[in-house]
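One structure below.
Ligands are counted one by one from 1 in listed order, and the atoms in each one are counted from 1 as well.
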Amino acid sequence: MGRIMRYISTRGNIKPVSAIEAIKLGMVPQGGLFVPERIPSISQKQLYSWINLSYDRLAQHIFHFFLAQDFSEQEIAQNVQRVYHKVHFESDEITPLIQLDNRLFILELFHGPTGAFKDLALQVLPQILSMIIKKLSLSSQLLILVATSGDTGKAALEGFKNVPGIQIVVYYPHQKVSKIQELQMLTTEGNNTHVIALEGNFDDCQNAVKQIFAARDFNALLNKKGFELSSANSINWGRLYPQIVYYFYAYLSLLQNKHIQENEKINFVVPTGNFGNILAAWYAREMGLPVEKLICASNINKVLTDFFHNGIYDANRPFITTISPSMDILISSNLERFLFEISNRDGKLISNLMKELQDKGKFSLEEPVKNKMSDIIFAGYANEAETLSTIKSVYQKYNYLVDPHTAVGVKVYNDYQNIVQSKTKTVIAATATPFKFSKAVLSTLLGENSVHNKEEFVLLRELSEYTKLPIPKMLQDLDKKTTKKLSLYPKDKAKQALLELLRI
Ligand SMILES: *Cc1c(COP(=O)(O)O)cnc(C)c1O
């Protein structure tokens, strides 16, 4: 048995809690995010002993560090075997590594049931919560609320469907997600899945959910009716530790195929929004994975790029809707965890910074902390035209199709190479299947006119015909499935919508 792991708050405002408590609560009720009390350290010897492990076996080792001893070896084994399996992922390898040239590799994170990397964690979390319900003999049902700009909603619905003891409710902005994303959500099966469209934008949905969490009377009413709120957004630690696994997996794949030698450092490029995925890469590095740089790639909503360049986080800027919508974010929630670690776990400082962010939409860092960040992170961004032209150039150069989010990553990697000319082997995280964004992809490959006035399903087929790539299973026949009735509400009626859907 490994050492027990407890969780502390980034704002130093609570006593350590168990993994069970941290995951069930989702975030620290007094404000702050849960982080592990210590970061596990993995020796090179241990790392190399994992070289031939399948994805689920590797996951079992990594999960154990973060869940011990709240969950037994057998429980963890059962969890990973159920999740990282052919039934849910369209690839034996779960996250296959594709070689583009002798230095550059793509880690495909989009073979899960909804075609985006979020599946890797959102398939795990529901099973873990379900075990927690049993362990605590909870008599109430867990009510998971999610706000989505498109990808998280479907991944959460798919993960939580038919999980006993849990109801899941997703709020999405009406007509602000793609047709495919909307259909993906509305065609989810399961008797515990609920979808609410609000008349507003993503921020309105996020606010609605936050308000429900904060509304005491409303919570009391929910409790009385047998519901306890929890969160499946990436502020929940239960979303983060599963993402550490694929960074180890990528490194071990490189080693196994002799692309790198023992101890050789590599770079990871991560298309970033909420700073969750790249934070998982940082944890992997802290745990002992030989990583040189983490390359943080943003779209034109480049609040993080500016932050890493000048130490000032400033969310007071226009929100721009882009072709990489899952990165259209001005408040990167998981940055709080990174700042906590990089400031030597100064909870007081983090408390102050987050208060400034809430009050003024802005905070700044002292020089030494800023410099410490730049030792590890290179940050850059791509505008819309650059994103589109990168999709095309990657296709022409490597005959490999990337989605707009991944293209942002490739563009920023090219910028990095122009400055550094590094020989370090580099892995780019491919966060979504290009077929989810057929319109943008086809418009750059074949020209604007080729997509004009065409339905998304027509574009999907045309992209498949043009590239000779099959339409991923999870996107096939979406237009033929039964859809839920659209539940559309004004943005200030989110609570009412919830009560009606749950028949309270
Ligand atoms: C969520 C998402 C991102 C951003 O990931 P973060 O963890 O929020 O930084 C990037 N690409 C895709 C396709 C996503 O769905």
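For ligand 1, the polar-atom distance check against Gly276 finds a nitrogen or oxygen pair separated by under 3.5 Å. In terms of polar-atom proximity, defined here as any N/O pair under 3.5 Å, Asp403 makes no such contact with ligand 1. Checked against a 3.5 angstrom limit, the closest N/O atoms of Phe275 and ligand 1 fall inside it.
For ligand 1, the atoms lying closer than 4.0 Å to a non-hydrogen atom of Met327 are 10 (C). Per-residue contacts place Thr272 under 4.0 angstrom from the following atoms of ligand 1 (heavy atoms of the residue considered): 9 (O). Ligand 1 places these atoms under 4.0 Å from at least one heavy atom of Ala432: 13 (C). Proximity to Asp151 (heavy-atom distance under 4.0 Å) selects the following atoms of ligand 1: 13 (C), 14 (C), 15 (O). Taking a cut-off of under 4.0 Å to the non-hydrogen atoms of Gly273, the atoms of ligand 1 that pass are 4 (C), 6 (P), 8 (O), 9 (O).
In summary, Lys473 and Glu90 do not engage in a salt bridge, as defined by a charged side-chain N under 4.0 Å from a carboxylate O. Using a 4.0 Å cut-off between a side-chain N of Lys or Arg and a carboxylate O of Asp or Glu, Lys355 and Asp359 qualify as a salt bridge.
By the criterion of a heavy-atom distance under 4.0 Å, the side chain of Phe117, and not its backbone, is placed next to ligand 1.
Expressed to the nearest 0.5 Å, how far CZ of Arg337 lies from CH2 of Trp237 amounts to 6.5 Å. Rounding to the nearest 0.5 Å gives a distance of 8.5 Å between CD1 of Ile376 and NZ of Lys293.
Ring centroids of Phe307 and Phe363 are separated by less than 6.0 Å, placing the two rings close together.
At a 4.0 Å cut-off, at least one heavy atom of Pro271 sits close enough to ligand 1 to count as contact.
Annotation: atom 6 (P) of ligand 1 to nearest protein heavy atom, Asn274 N, 3.5 Å. Nearest protein heavy-atom contact of atom 7 (O) of ligand 1 is Asn277 N, 2.9 Å. Among all non-hydrogen protein atoms, the one lying nearest atom 11 (N) of ligand 1 is Thr431 OG1, 2.9 Å. Ranking the protein heavy atoms by distance from atom 15 (O) of ligand 1 puts Lys118 NZ, 2.5 Å first.
In plain terms, the two heavy atoms of Ala429 and Leu109 that are nearest each other are CB-CD1, 3.9 Å.
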With side chain to side chain contact (heavy atoms under 4.5 Å, CB included) as the test, would you mind laying out the steps for Glu336 and Ile350 before giving the verdict?
CA-CA 7 Å; Glu336 177 169 348; Ile350 304 306; 3.7 Å; yes
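Judged by distance alone, with hydrogens and angles left aside, the side-chain atoms of Asp56 form no donor-acceptor pair with the main-chain N or O of Val80 at under 3.5 Å.
Inspection of the Glu292 and Thr424 side chains reveals an N or O donor paired with an N or O acceptor under 3.5 Å.
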